[in-house]
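For reference, the structure is listed below as structure tokens.
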Amino acid sequence: MIDTHSHIYCDAFDDDRALVVERSQQAGVSHLILPNENLASVPLLKDLHALYPAYTSMAIGLHPEEVKPNYREELDAMRAMLDSGEFIAVGEIGMDLYWDKTYRAEQMEALKIQLEWCQEKGLPFIMHCRDGMDEVLEVLDSLKGDMPRGVFHCFGGDEHDIERLRERGDFYYGIGGVVTFKKSKLPQLLPIIGLDRILLETDAPYMAPVPMRGKRNESSYIPYINNHIAQVLGTTPEEVSRVTDVNAKTLFNL
Ligand SMILES: [Zn+2]
């Protein structure tokens, strides 16, 4: 099982990070992908990756909630880092208008610039989208050239959104703890998405799955998500692990 979205480099894990990694290895999680947040978080990812070079992979990008008036400077600095070749994806990028719509135009511009990096470098994106699907689609439609590959992480859309995305590209969908929540409508979408387009993710430290809901999330909880997906799709946990591993390796070229 691969955790395709883990922020265990962040300060919520400063006291026990080595133990968290150990637990995730013991839980059968074979690899972690670390999505970036802003310029300040890049050294944190790098420090963790230096400790576990074979066990982790890094993405670089500016999270939509981190798009501030200085976003162009942050993007310029990240773009220069991208040339080092040590990043496997551009992320996380996207739109988030849930709390604050102040920087809607800037978020769209930052998203477009970073999707163009994907095109230029042949890298997949890791997309965060909360209350911003119309904007994401508008930006995707504004791209010239080939549609980049990528994952819609912590997918929170509906069937119509999946249809609209499929008209534009062959994307993957990151499924995490939300799928285990009692009132979640996500389970109904799993057969529509199909196992061959699902990626496992925790989004640690957020969104811990049942029975750990409300606690700090960590990558060792991936089996709860994996097993719940198996139950929903009427297949075995082994099959979900096997197919989602192939999916992650295919998308991220692991
Ligand atoms: Zn994230």
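In each ligand, atom 1 is the first atom listed, and ligand 1 is the first ligand listed. Residue numbers run from 1 in the order of the sequence given.
- Among heteroatoms of the N, O or S kind in Glu92, OE2 lies nearest the Zn ion (ligand 1).
- No side-chain donor from either of Ser24 and Tyr221 sits under 3.5 Å from a side-chain acceptor of the other.
- Distances from the Zn ion (ligand 1) show that His5 has an N/O/S atom below 2.8 Å.
- In this structure, Asp196 has no salt bridge (Lys or Arg N to Asp or Glu O under 4.0 Å) partners at least two apart in sequence or on a different chain.
- Applying the side chain to side chain donor-acceptor pair (under 3.5 Å) test to every pair with at least one member in residues 242-254, sequence neighbours left out, gives these pairs: Glu239-Arg242.
- Counted by atom type alone, His228 and Thr180 present zero donor-acceptor pairs between their side chains at under 3.5 Å.
- Restricting His7 to its N/O/S atoms, the shortest distance to the Zn ion (ligand 1) is reached by NE2.
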